[in-house]
Amino acid sequence: MLQDVLHYQSVRDKFMGYYHLNFTTKTKEADDLDAGIDNLFFVEIRRSGRGKHEEMLVNCFCMVNPTDNGIILY
């Protein structure tokens with residue numbers, strides 16, 4: 001369940017726009033009880049086109065550790 005949006009940034013290059021978001025979710029147990037665990041995520045959404053032909057595509061969606069400091073390990 002989405003808990004909170006912590007950071008939102010709109011980024012633009014020559015041809016496309018991007019949205020960067022950091023948000024937290026709350027983990028639930030199988031019986032739908034709150035487990036009390038917060039998870040931090042990063043998502044990058046690419047925006048292209050205009051008007052009726054506008055598209056949004058998720059480029060990156062990953063869980064991050066608050067101590068990662070921008071380093072992504074694959």
Side-chain angles (χ1 to χ4, degrees):
M1 169 168 81
L2 178 66
Q3 185 174 0
D4 195 14
V5 175
L6 303 175
H7 179 78
Y8 164 83
Q9 181 179 8
S10 178
V11 181
R12 183 124 186 103
D13 69 11
K14 280 184 167 182
F15 306 104
M16 289 181 216
Y18 298 87
Y19 300 109
H20 290 177
L21 292 102
N22 291 91
F23 61 92
T24 57
T25 64
K26 182 75 77 172
T27 302
K28 291 208 173 220
E29 297 289 340
D31 58 4
D32 234 8
L33 294 176
D34 185 358
I37 301 170
D38 293 337
N39 299 299
L40 177 62
F41 289 89
F42 167 79
V43 64
E44 178 183 84
I45 301 169
R46 184 180 76 198
R47 179 179 167 208
S48 63
R50 293 185 182 179
K52 291 181 182 180
H53 302 286
E54 183 176 46
E55 294 181 347
M56 293 187 160
L57 176 69
V58 174
N59 281 344
C60 177
F61 184 96
C62 57
M63 186 185 311
V64 293
N65 185 320
T67 60
D68 285 343
N69 197 21
I71 299 169
I72 299 175
L73 303 174
Y74 295 95

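The model shown is predicted, which means the values in this text are computed figures rather than measured ones.
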From [X] [atom1] over to [Y] [atom2], what is the distance, rounded to the nearest 0.5 angstrom?
| X | Y | atom1 | atom2 | answer |
| --- | --- | --- | --- | --- |
| Y19 | N59 | OH | CG | 13.0 Å |
| T25 | D4 | OG1 | CG | 11.5 Å |
| N22 | Y8 | CG | OH | 13.0 Å |
| R46 | Y18 | CZ | OH | 6.0 Å |

Nearest atoms (heavy-atom pairs only) where [X] meets [Y]:
| X | Y | result |
| --- | --- | --- |
| I45 | M56 | CG2-CB, 3.9 Å |
| N39 | M63 | OD1-SD, 4.0 Å |
| M16 | R47 | CB-O, 3.6 Å |

>> For a side-chain contact (heavy atoms from CB on, under 4.5 Å) check, start with the C-alpha distance between K26 and D38, then their side-chain angles and the critical distance, and finish with the verdict.
In response: CA-CA 5 Å; K26 182 75 77 172; D38 293 337; 3.1 Å; yes
> For E54, does the CD atom have more than 12 heavy-atom neighbours from other residues, nucleotides or ligands under 6.0 Å away?
Replying inline: yes
>> Please enumerate all residues that pass side chain to side chain contact (heavy atoms under 4.5 Å, CB included) together with H53, with sequence neighbours excluded.
In response: none
>> Ring-plane angle category for F42 and H20, please: parallel below 30°, perpendicular beyond 60°, tilted otherwise.
In response: perpendicular
>> Quick check on the hydrophobic clustering: are V58 and F23 connected, directly or via other members, by side-chain heavy-atom contacts under 4.5 Å?
In response: yes
